[in-house]
There are 2 protein chains.
Amino acid sequence: MFDLGQYLPYLINRAGARLAVAFGQEIRRHGVTLQEWRVMAALAAHGAQRLSDLAALTSIELSTLSRLIGRMARSGLLTRSRAEGDRREIAVRLTARGTGLTRTIITTAKRYERLSLRGISKSEEDQLKRLLVRVYGNLGTLEPAPQR
Amino acid sequence: MFDLGQYLPYLINRAGARLAVAFGQEIRRHGVTLQEWRVMAALAAHGAQRLSDLAALTSIELSTLSRLIGRMARSGLLTRSRAEGDRREIAVRLTARGTGLTRTIITTAKRYERLSLRGISKSEEDQLKRLLVRVYGNLGTLEPAPQR
DNA sequence: CAATATTACTTGCAAACGCAAGTAACTTCA
DNA sequence: TGAAGTTACTTGCGTTTGCAAGTAATATTG
C-alpha cells in the first residue's frame, strides 16, 4: 500500500533526524544547541547577514530566529545591530568568541560528515549532494503558490 | 573556511525542512499535522506497532510520541491499547477513519515526492534513496556508543 | 508630498518539545 | 522465590516553536 522505505521525504527526514540527534548531543559539550550551530555555520560560511537572509540560509522560521539571535547575542556569540542603509534591517555578525567556537565545532562537524559517508565513494557523495540540491531547488519554486 | 553548500548535513536539513514546510501546510487542510502524518504513514506501511517501535520508525522522541498518540487517539485517528503478552507495551493501530484519511493523504504525498524529483532520472532517484539509507545506517551504529 | 502599501522585524500566546524523573510490568539471578 | 535489575512507557517542568498580530522604517502612487 505504501512503502515508507522508498519514500523520499521519509528517507530524508530520518537521515536528517539521526544526524541532528547525534551531532546535537556532540556539540552540547560546547554549550551550543543545534540551531545555534546552524546560525554560526551560516555566518562563518557567508559572513554577516541580515536576519531574513539568515532565516533563508538556516531554514529557521523568522520569529524563532529573531529570539534565537537574541539569546546568542546575550551569551556573546554574535552581535545584532541596525543596518547602515535600511534601518529596519538587523545585521548579524559573529563575535571573536563566536568565530573561535565555530572554528572548533567545524572540526567535529567534518568528522561527522565523514562518518556519515562511510562506504560511499567520492563520486557517489557528489551525486548525493547534487541531487539534494536539486530536490531543494524543485521545492523552492512551488513554495509561494498556495490557494488564492 | 567552511563551504555550507557542500556540507551534507546542511543539504539534508534544508531539503527536509522545505519538504516539511510545504507538505505540512498542504495536509493542514485535512486537519493533520506533519508529525501526525508521520505516525499515520508508519502505521499504514507497517501495521500496528508498539510505541517504542513507532518512535524508531518515525524518528519522534518517545515522550513526545506518547503525548502525540494520546491526542490522535482522542481525535479518533488511532487506538492505543495494552498489548496482549507484555502488559507494559502499548499497541497502536489506525482506526477505520485513520486508515481512510491516511489513504487520502498518501495520494498527496506521492504527488509531492514526484514534484521534488523533477528532472531526476529513475536511476538517479534510486541512487539518492540508496545513499540516504546508507547514511542513516552509518549513523545508527555509532548512536549507542557515547562516553561510559 | 501625503496617504497607502510593503518590507523587516518583534512580540503575544498557546501548543509542542525534550530531558529527567517517575511508575508499573516483566527478567534475572542468587 | 523474592530482591535487584531492566524495560516500556508516562508525566512534570522549563524551554522552544510557529502563527498571527503588532510596530517601525521605507517605497510607491495618485
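Side-chain atoms are counted along with the backbone in the values below, which use heavy atoms only and exclude waters and symmetry mates. Chain A is the first sequence line, chain B the second, and so forth, proteins listed ahead of strands; every chain is numbered from 1. All values reported here derive from a predicted model rather than from experimental measurement.
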Nearest-Å distance for atom pair CD/C1', residues B:Q35 and C:dG18: 12 Å
C:dC9 phosphate, OP1 or OP2, under 4.0 Å from A:S66 side-chain N/O: no
Residue B:E61, side-chain heavy atoms: nucleotide from C:dG18, C:dA8, D:dT10 that is nearest: C:dG18
A:D126/A:K122 under salt bridge (charged side-chain N to carboxylate O under 4.0 Å, His left out): CA gap, chis, key distance, verdict: CA-CA 6 Å; A:D126 291 343; A:K122 178 58 177 151; 3.1 Å; yes
Evaluation steps, side-chain contact (heavy atoms from CB on, under 4.5 Å), between B:R134 and A:E124: CA-CA 11 Å; B:R134 174 80 201 209; A:E124 287 175 321; over 6 Å; no
Shortest side-chain distance from A:S63, nucleotide among D:dT11, D:dT10, D:dA20: D:dA20
Rounded distance (nearest 0.5 Å) linking atom CZ of A:R80 with atom CZ of A:R93: 13.5 Å
Parallel, tilted or perpendicular: rings of B:W37 and A:F2 (30°, 60°): tilted
Close side-chain approach of B:I90 to B:R50, heavy-atom, < 4.5 Å: no
Audit row: A:K129, A:E113, salt bridge (charged side-chain N to carboxylate O under 4.0 Å, His left out) steps and yes/no: CA-CA 12 Å; A:K129 291 177 178 176; A:E113 186 184 28; 3.2 Å; yes
Divergence of helical axes at both termini of the helix from C:dC1-D:dG30 to C:dA30-D:dT1 - five pairs an end, 10° steps: 20°
Whole-Å gap separating C1' (C:dA16) and CZ (B:R71): 6 Å
Steps toward side-chain contact (heavy atoms from CB on, under 4.5 Å) verdict (B:Y136, A:L19): CA-CA 8 Å; B:Y136 179 72; A:L19 268 168; over 6 Å; no
Show the distances under 3.5 angstrom between N or O atoms of the protein and N or O atoms of nucleotides 25-27 of chain C.
| unit_1 | atom_1 | unit_2 | atom_2 | d |
| --- | --- | --- | --- | --- |
| C:dA25 | N3 | B:R88 | NH1 | 3.3 |
| C:dC26 | OP1 | B:D86 | OD1 | 3.4 |
| C:dC26 | OP1 | B:R87 | N | 2.7 |

Check: B:G76 main-chain N/O paired with B:T95 side-chain donor or acceptor under 3.5 Å: yes
Nearest-Å distance for atom pair CD1/P, residues B:I60 and C:dC17: 7 Å
Atom-pair distance (CG on A:L62; P on D:dG22), nearest Å: 18 Å
Nucleotide D:dT11, atom P - distance to CG of B:L68 in whole Å: 15 Å
Separation of C:dT7 P from A:I90 CD1 (nearest whole Å): 18 Å
Atom pair distance, as rounded to whole Å: CE in B:M72 and P in C:dA16: 12 Å
B:R97 (side chain) donor-acceptor with B:L77 (main chain) under 3.5 angstrom: no
base_contact_polar (D:dG12 base, B:R67 side chain, donor-acceptor, <3.5 Å): yes
d(CG, B:L34; C1', C:dA15) in whole Å: 15 Å
Sugar-phosphate, base or nothing in reach of B:T64, heavy atoms under 4.0 Å: base
